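Shown next, in structure tokens, is the structure this report addresses.
The structure displayed is predicted, hence computed values, not measured ones.
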2 protein chains.
Amino acid sequence: MNVASSDADISVSAVAAAIAEPARTRMLYCLLDGHARTATELAIVAEVGASTASVHLATLAQKHLLQVQAQGRHRYYRLTSPEVAAALEALSIIAASPRARFEPNTPNRLRAARTCYDHMAGALAVALHDRFIALCLLTAGPRGDGMYDLTDAGTVAFAKLGMDIAHARSSRRRFACACLDWSERRPHLGGAVGAMLLDAALKRRWVVRDMDSRALRLTPSGRRDLRTRFGIEG
Amino acid sequence: MNVASSDADISVSAVAAAIAEPARTRMLYCLLDGHARTATELAIVAEVGASTASVHLATLAQKHLLQVQAQGRHRYYRLTSPEVAAALEALSIIAASPRARFEPNTPNRLRAARTCYDHMAGALAVALHDRFIALCLLTAGPRGDGMYDLTDAGTVAFAKLGMDIAHARSSRRRFACACLDWSERRPHLGGAVGAMLLDAALKRRWVVRDMDSRALRLTPSGRRDLRTRFGIEG
DNA sequence: TTCATGGTTTGATCGTAAGCGAAGTATTCC
DNA sequence: GGAATACTTCGCTTACGATCAAACCATGAA
């Protein structure tokens, strides 16, 4: 065992331990949609008292899993980075895989459509992703590292939805990338474009947020619009 | 909080807790190279007594992170699936990121070349990956989900290294895929082809295993051969 | 058969950390 | 200013789990 790897080990232990506490896990999963929430909100979803929640949140912030932002008498907590969301999804995959063998098709609102950090996930998101590629709106980047780019047709189509593609390009964030969907085991669209797409979908009420969970619900008008616009049958 | 998501939460907690114990983390990291090891070997790397190691290993097996295989009076433990390796790498990324801000270029044997599950990782692996694509030996698959394919030229070139590409294609395992490298933050080559490439590299002594760690060392002849064969300057 | 080795089970000890309520600090609203 | 709200800190209790030594199985070798 060399120093470098045991060094890495202890800090991985610390991060895993921070995630492991059930109350903290509930908090993190609640924040997986990318929203910021107050300490009391998180105390409620974690099902612990305010004082307990406070020390949990301090722990998570100290381990750099959460960021705090004080605003008046509220303190808003959010996930520090997409990497944190990725680690949580990776843990979900291995947590879900043994039971998936026994109940392979759990009917689940989350399976159909949900948010992943700040973009869409689930069957709907995967269908959109595949359709965008089939329609040549989106192409895999040249380096084969899961980065995407919009074609000219894609730029036009997405601009029509009110998305500011030029702004997304200039942002420091990754423009568009593949994000592995844990329920579908296939990629959906992440990155700045993925986030803007979720915004647009909510603004046009293609989908509405389910209160108190990451689930999204496809509206009748959303279903109609997605069919005429992209030829998606739902 | 709906039932589905809190169900997921508790099992994620359990998996994270299984990883979190430092002795178990050391065991898992030791197994990250894809090898199977005996209980006593793992007790040594974990720096605990045999009895303690035994209960740790039972815990990890019960949570489906490890597989056991009895062979004579030895019991061999290995990671259950690449997904487990992926989760460990994802945790590494967030564990490393805060400190990376302060010491961005930690000189580290592991950074240069190491094994990831059963294929190569680190700067060398990323260089090979990029070179294969530049030389049109390897191409990104059509679906943009991080799957790769060999070109005809690639099939010939890899066959010359003694790799049985036809066998790799017929295996149930993913043929070739992008695997995110946590130190380089860029993809390297995984899947069956990645595993065979590591075999070939070891057989030709391009690299040799560092005892007692995942590090690989590039040999002088390996350096020479990689330059003449693929034009890689190291 | 007997002995040695690899591995697991048991029982007891010990430390850490999660939990709550009460008291303390800060900020907004009236 | 004073009351109410949001959040944290403190002190205390409790419980879970990591550890080891010793006893206990199983396999292979002599």
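Per the geometry, CD belonging to B:Glu47 stands 15 Å off C1' belonging to D:dA18, to the nearest Å. Summarising the geometry, the separation between CD1 on B:Ile19 and P on D:dA18 is reported as 14 Å, rounded to the nearest angstrom. What separates CZ of A:Arg37 from C1' of D:dA6 is a distance of 18 Å, to the nearest Å. Nucleotide D:dC7 holds its P atom 9 Å from the CG atom of A:Leu42, rounded to whole Å. Residue B:Glu21 contributes atom CD, which lies 13 Å from atom C1' of D:dC16 at whole-angstrom precision. Distance, B:Met27 CE to C:dG7 C1': 12 Å, rounded to whole Å.
Of the residues in residues 71-78 of chain A, A:Arg73, A:His74, A:Arg75, A:Tyr77 come within less than 4.0 Å of DNA chain D through at least one heavy atom, sorted by number. A heavy-atom distance below 4.0 Å to DNA chain C is reached by these residues of residues 53-60 of chain B, ordered by number: B:Ser54.
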May I have the list of side-chain donor-acceptor pairs in residues 195-206 of chain A shorter than 3.5 Å, sequence neighbours left out?
residue: A:Arg204; atom: NH2; partner: A:Lys160; partner atom: O; Å: 3.3
residue: A:Trp206; atom: NE1; partner: A:Asp225; partner atom: OD2; Å: 2.9

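A distance-only check finds a donor-acceptor pair linking the side chain of B:Arg26 to the backbone of B:Ala46 [under 3.5 Å].
Within the 4.5 Å cutoff, the side chain of B:Leu91 has heavy atoms near those of the A:Ile19 side chain. Side-chain contact check for A:Tyr76 versus A:Val68: every heavy-atom pair is 4.5 Å or farther apart.
As judged by a 4.0 angstrom heavy-atom cut-off over every strand, A:Ala39 is placed among residues touching the sugar-phosphate backbone only.
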ring-ring contact (aromatic ring centres under 6.0 Å, His included) for A:Tyr148 and A:His129? Distances and angles first, verdict last. CA-CA 11 Å; A:Tyr148 287 140; A:His129 166 274; 5.5 Å; yes

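A close approach under 4.0 Å does occur between a side-chain nitrogen or oxygen of A:Thr40 and OP1 or OP2 of D:dC7. In this structure, B:Thr52 does not reach the D:dA18 phosphate: none of its side-chain N or O atoms is under 4.0 Å from OP1 or OP2.
With sequence neighbours excluded, no residue forms a ring pair (Phe, Tyr, Trp, His ring centres under 6.0 Å) with A:Phe175. By the ring pair (Phe, Tyr, Trp, His ring centres under 6.0 Å) test, A:Phe158 is found to be paired with A:Phe132, residues two or more places apart in sequence or in another chain being considered. A search for side chain to side chain donor-acceptor pair (under 3.5 Å) contacts involving B:Thr59 returns nothing, not counting sequence neighbours.
Side chain B:Ser51 to base D:dA21: a donor-acceptor pair is found below 3.5 Å.
Pairing each heavy atom of A:Tyr77 with each of A:Leu31, the nearest pair is O-CD2, 3.5 Å.
The A:Val48 side chain lies nearest to C:dG19 when the options are C:dG19, D:dA18, D:dC7.
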